[in-house]
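See structure below.
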Amino acid sequence: YADRDAPLTKALRNLPGVDLCYVDDLNLLRLAPGGHMGRLVLYTEDAFAKLDRLFGESYGAKAELKSNYTLSRPTMANADISRIINSEEVQKVVRAKKPMQKHALRKKNPLKNLGVMIKLNPYATSRIRAEIRAQDARKAAKEKRVKESREGATTRTQRREFMEKLTQ
């Protein structure tokens, strides 16, 4: 709005989500807080007239309210960036797309990863199988010893009878 006492300001100031801004106080942080574009901005007719007086009506025209101020010339005549980039003139000059580089694979620990160990040492499979067979053999021998010792063990009654024979 351009007039601080405009009736529009009194009508809209209590609506939630509606922000009002005087043309002289206008800045980028008010229009796009946090750098996020996407606000709906409504200008009154008086506000456009005041903006023309502040910045000049066109490029090269002098501003009435600012001394020695003229709008800068636009840097691009054609704002269609995708059309410019895909044009033949630009594509002839641009380098070809670089192929994707293969990244090195993560090194795996052969002591923890059996597949990597076998790739490094093909004998590892037969060594591991021999170790498993030796473990099974030791386990069977131990079970046999335990079983024999349990079969040869005396019961309580046998020990009492033996003690009675000795004491008689």
> Once you round to the nearest 0.5 Å, how far does OH of Tyr43 lie from CG of Leu26?
Replying inline: 5.0 Å
>> Can you tell me how far apart CD1 (Ile132) and CZ (Arg129) are? Round to the nearest 0.5 Å.
In response: 8.5 Å
> In Å, rounded to the nearest 0.5 Å, how long is the span from NZ of Lys119 to CG of Asn113?
Replying inline: 8.5 Å
Tabulate below the donor-acceptor pairs under 3.5 Å that side-chain atoms of residues 84-109 make, not counting sequence neighbours, or state none.
| residue | atom | partner | partner atom | Å |
| --- | --- | --- | --- | --- |
| Asn86 | ND2 | Ser82 | O | 3.1 |
| Ser87 | OG | Ile84 | O | 2.7 |
| Gln91 | NE2 | Ile85 | O | 2.6 |
| Asn109 | OD1 | Leu111 | N | 3.0 |

> With the 4.5 Å side-chain cut-off for hydrophobic clustering, are Leu8 and Leu15 part of the same group?
Replying inline: yes
> Looking only at heavy atoms, what is the nearest atom pair of Pro110 and Met117, with distance?
Replying inline: O-CB, 3.3 Å
> Quick one: ring-ring contact (aromatic ring centres under 6.0 Å, His included) pairs with a partner in residues 2-35, sequence neighbours left out?
Replying inline: Tyr1-Tyr22
> In Å and rounded to the nearest 0.5 Å, what is the CZ to OG distance from Arg133 to Ser126?
Replying inline: 8.5 Å
> Can you name the side-chain hydrogen bond (donor to acceptor under 3.5 Å, both in side chains) partners of Asp19, sequence neighbours left out?
Replying inline: Arg39
> How many angstroms lie between CZ in Arg30 and CG in Leu20, if you round to the nearest 0.5 Å?
Replying inline: 8.5 Å
> How far does CD of Glu164 sit from CZ of Arg160, to the nearest 0.5 angstrom?
Replying inline: 8.5 Å
> Do you reckon Leu28 sits in the same ILVMFWY cluster as Leu54, going by side-chain contacts under 4.5 Å, direct or chained?
Replying inline: no
> Which residues pass the side-chain contact (heavy atoms from CB on, under 4.5 Å) test with Asn14, sequence neighbours left out?
Replying inline: none
> Heavy-atom distance under 4.5 Å between the side chains of Asp24 and Lys50, does that happen here?
Replying inline: yes
Which atom pairs, donor and acceptor, lie under 3.5 Å between side-chain atoms of residues 60-69 and protein residues at least two apart or in another chain?
none

> How would you list, by chain and number, every residue that makes a side-chain hydrogen bond (donor to acceptor under 3.5 Å, both in side chains) with Thr157, sequence neighbours excluded?
Replying inline: Thr155
> With side chains defined as the heavy atoms from C-beta onward, is the minimum distance between Glu143 and Lys139 less than 4.5 Å?
Replying inline: yes
>> Using side-chain heavy atoms (C-beta onward) and a distance below 4.5 Å, is Ile128 in contact with Leu114?
In response: yes
> Within a reach of under 6.0 Å around CZ of Arg83, are more than 12 heavy atoms found that belong to other residues, nucleotides or ligands?
Replying inline: no
